[in-house]
Amino acid sequence: MQMEVRVVLKATGFIGLVAVGLPANLSVLLLFCRLHMLHSRLSPNDIILGNLASVNLVVLLSRGIPQTLVALGMRRLFGDVSCKVNIFSYRLARALSICITALLGCYQCVAVAPSTPHWAKLKRWLPTHIPHAILLFCAINFLVSSGSYLFSVAPPANGSIPEYTINLEFCIVIFPDLAAYVANGVMYTLRDLVFVCVMVAAAAYMLLVLYRHRKQVEGLRGAGRASAEASKAVLLLLCTYVSLFGLDNTLWAYTLTVSRVPPAISDARVFFASCYSALSPVLIIATNRRLAEGFRGCFQTKGAAKAPSTQTESSTTHVTGA
């Protein structure tokens with residue numbers, strides 16, 4: 001009975017994540033493509049959000065769908081090689097998700113910062129180097145995640161799971177000994193913690209700026225109002241990730257203390273680790289005025305959809321010089 005409850009909860013949870021996350025991330029990507037076609041360019045903020053939707057889509061495809069199929073009773077989804085590709089793709093995409101979210105927080109901090117000489121240089125330098133930063137994150141995390149390729153295999157046919165193994169049911173990651181098992185966990189936790197600290201610092205700075213200028217922002221129009229709205233949207237994304245990070249890594253720390261992780265704990269950790277990929281595109285659409293209008297326009301007639309597409313006012317913020 002306990003096993004049936006776990007399977008039902010797992011299936012329901014991951015079906016919900018896939019049902020929400022896949023169409024939401026695809027909608028964000030398609031809407032940004034539409035904006036790019038209409039205006040011939042995207043703001044740096046839009047570029048960051050578009051890349052975030054892309055890596056979140058990979059997370060859901062590589063983890064959400066296999067977990068859903070396993071919960072529905074399917075086994076032996078992958079062979080050894082496909083398991084290696086799947087685990088590597090998931091870890092790389094999840095790492096990029098946290099890096100790009102931290103980059104978004106840093107970018108918005110620069111956007112709302114006062115136009116002092118120091119900040120003015122960053123306001124001019126950062127927008128042109130956003131693609132370079134994302135490529136650097138890709139290269140670094142490609143190297144960091146390569147270890148998962150070595151230890152990932154398909155589950156054994158007899159169902160026996162060795163010690164020091166991360167059991168995802170459709171694939172397993174077998175570490176040679178306790179030292180490798182713990183070192184792997186500590187390395188990923190420390191990496192995530194660094195970027196979460198960056199998110200917390202960015203959120204704290206944005207809250208400070210918004211608090212200091214609350215009265216001025218309430219009376220602003222145009223760029224000032226858009227800057228405040230964009231900051232609140234980024235704050236919502238940062239707070240969502242930090243909250244889910246806390247749940248995920250609390251469970252991850254527990255798994256490092258046992259040689260065989262209970263399936264319920266593994267399922268809960270994977271679920272919380274994948275939640276951000278499904279929730280963030282919904283938050284992006286809900287807090288981005290242009291995307292929200294574009295999303296509504298998709299359900300209207302072609303003539304009615306032309307009006308919002310020609311608007312130039314945006315809830316995203318462009319970093320400009322002083």
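What you are looking at is a predicted structure, and each value in this text was computed from that prediction instead of being measured. Basis for what follows: all heavy atoms, side chains included, without hydrogens, waters or symmetry-related copies.
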Query raised in the report: By side chain to side chain contact (heavy atoms under 4.5 Å, CB included), which residues pair with Ala201, not counting sequence neighbours?
Result: none
Query raised in the report: Are Val18 and Arg63 side-chain neighbours, meaning at least one heavy-atom pair lies under 4.5 Å?
Result: no
Query raised in the report: After noting the C-alpha distance and the side-chain angles of Thr287 and Val234, does the key distance pass the side-chain contact (heavy atoms from CB on, under 4.5 Å) rule?
Result: CA-CA 9 Å; Thr287 56; Val234 173; over 6 Å; no
Requested in this report: Answer yes if Leu143 and Val194 sit in the same cluster of Ile, Leu, Val, Met, Phe, Trp and Tyr residues linked by side chain heavy atoms under 4.5 Å apart, and no otherwise.
Outcome: no
Report summary line: Here the gap from Leu208 atom CG to Met206 atom CE, rounded to the nearest 0.5 Å, amounts to 11.5 Å
Query raised in the report: Does a side-chain heavy-atom distance below 4.5 Å link Gln108 with Asn45?
Result: yes
Query raised in the report: So, do Pro66 and Asn86 sit near enough that their side-chain heavy atoms are less than 4.5 Å apart?
Result: yes
Query - ILVMFWY cluster, Ile130 and Trp119 together (side-chain gap under 4.5 Å) - result: yes
**Report entry** Minimum heavy-atom distance Ala202-Cys106, with the two atoms named
**Finding:** CB-N, 4.3 Å
Query raised in the report: Can you name the closest pair of heavy atoms from Ser54 and Leu29 and give their distance?
Result: OG-CD2, 3.3 Å
Report summary line: Nearest heavy-atom approach of Val28 to Ala53 is CG1-CB, 3.8 Å
Query raised in the report: What residue among Phe137, Phe245, Tyr241 forms side-chain contact (heavy atoms from CB on, under 4.5 Å) with Phe195?
Result: Phe137
Query raised in the report: Which pair of heavy atoms, one from Pro127 and one from Pro44, lies closest together, and at what distance?
Result: CB-CG, 3.7 Å
Query raised in the report: Testing Leu150, Val153, Ile166 for side-chain contact (heavy atoms from CB on, under 4.5 Å) with Val173, which one passes?
Result: Ile166
Query raised in the report: Below 4.5 Å, heavy atoms only, C-beta onward: do Ile48 and Leu52 meet side chain to side chain?
Result: no
Report summary line: Closest non-hydrogen atoms of Thr128 and Pro131, given as atom of the first, atom of the second and distance, are O-CD, 4.0 Å
Query raised in the report: Would you say Asn184's side chain and Ala180's backbone share a donor-acceptor pair under 3.5 angstrom?
Result: no
Query - Asp192 vs Arg94, salt bridge (charged side-chain N to carboxylate O under 4.0 Å, His left out): CA-CA, chis, key distance, verdict - result: CA-CA 10 Å; Asp192 290 359; Arg94 182 183 177 277; 2.8 Å; yes
Query raised in the report: Got a sec, which hydrophobics cluster with Val81, joining ILVMFWY side chains under 4.5 Å apart, including via others?
Result: none
Query raised in the report: What pairs with Ser82 under side chain to side chain contact (heavy atoms under 4.5 Å, CB included), at least two apart in sequence or on another chain?
Result: Phe78
Query raised in the report: Checking side-chain contact (heavy atoms from CB on, under 4.5 Å) for the pair Leu17/Gln67: CA distance, chi angles, key distance, verdict?
Result: CA-CA 11 Å; Leu17 289 184; Gln67 288 285 0; over 6 Å; no
Requested in this report: Kindly say whether the aromatic ring centers of Tyr107 and Trp125 come within a distance under 6.0 Å.
Outcome: no
Query raised in the report: Which value, rounded to the nearest 0.5 Å, describes the distance between Leu237 atom CG and Leu283 atom CG?
Result: 5.5 Å
Query raised in the report: Other than Val59, which residues form its hydrophobic cluster under the rule that side-chain heavy atoms must be closer than 4.5 Å?
Result: Tyr90
Query raised in the report: Under a 4.5 Å cut-off applied to non-hydrogen side-chain atoms, are Leu22 and Ile65 in contact?
Result: yes
Query raised in the report: If only atom types and distance count, is the side chain of Lys84 paired as donor or acceptor with the main-chain N or O of Ser152 below 3.5 Å?
Result: yes
Query raised in the report: Can you name the ring pair (Phe, Tyr, Trp, His ring centres under 6.0 Å) partners of His36, sequence neighbours left out?
Result: none
Report summary line: d(Leu96 CG, Leu103 CG) to nearest 0.5 Å is 11.0 Å
Query raised in the report: Are the side chains of Leu72 and Ile15 in touch, meaning some heavy atoms are under 4.5 Å apart?
Result: yes
Requested in this report: Output all residues satisfying side chain to side chain contact (heavy atoms under 4.5 Å, CB included) with Asn167, sequence neighbours left out; order by chain, then residue number.
Outcome: Ile161, Glu169, Ile172
**Report entry** Note, Leu168 side chain near Val70 side chain (heavy atom, < 4.5 Å)
**Finding:** no
Requested in this report: State yes or no: do Phe151 and Val85 share one hydrophobic cluster built from I, L, V, M, F, W and Y residues joined by side-chain heavy-atom distances below 4.5 Å, directly or via other members?
Outcome: no
Query raised in the report: Among all residues two or more places apart in sequence or in another chain, which pass the ring pair (Phe, Tyr, Trp, His ring centres under 6.0 Å) test with His118?
Result: none
Query - From Asp248 atom CG to Phe272 atom CZ, the distance as rounded to the nearest 0.5 Å - result: 9.0 Å
Query - Any residue meeting ring pair (Phe, Tyr, Trp, His ring centres under 6.0 Å) with Phe271, in chain and number order, not counting sequence neighbours - result: Phe14
Query raised in the report: Stepwise, does the side chain to side chain donor-acceptor pair (under 3.5 Å) test hold for Asp46 with Ser43?
Result: CA-CA 5 Å; Asp46 292 343; Ser43 71; 3.3 Å; yes
Report task. Flag yes if Leu57 and Ile285 sit in one hydrophobic cluster, no otherwise; membership is Ile, Leu, Val, Met, Phe, Trp, Tyr, and two members link when side-chain heavy atoms are under 4.5 Å apart. Result -> yes
Requested in this report: Could you pull out all residues at least two apart from Cys99 that satisfy disulfide (SG to SG under 2.5 Å)?
Outcome: none
**Report entry** Reported CG-to-CE distance for the pair Leu42 and Met37, which is rounded to 0.5 angstrom
**Finding:** 12.0 Å
Report summary line: side chain to side chain contact (heavy atoms under 4.5 Å, CB included) filter on Val20, not counting sequence neighbours, yields Val282
Query raised in the report: Are Val198 and Ile98 connected in a single hydrophobic cluster, I mean Ile/Leu/Val/Met/Phe/Trp/Tyr linked by side-chain heavy atoms less than 4.5 Å apart?
Result: no
Query raised in the report: Remaining members of Val144's ILVMFWY cluster at a side-chain heavy-atom cut-off under 4.5 Å?
Result: Leu136, Ile140, Met187, Tyr188
Query - Interatomic spacing from SG in Cys239 to CG in Leu207 - rounded to 0.5 Å - result: 7.0 Å
Report summary line: Nearest heavy-atom contact between Pro114 and Lys123 is O-CE, 4.0 Å
**Report entry** Between Thr101 and Tyr276: side-chain donor-acceptor atoms closer than 3.5 Å
**Finding:** yes
Requested in this report: Could I get the full list of side-chain hydrogen bond (donor to acceptor under 3.5 Å, both in side chains) partners for Ser97, not counting sequence neighbours?
Outcome: Asn56
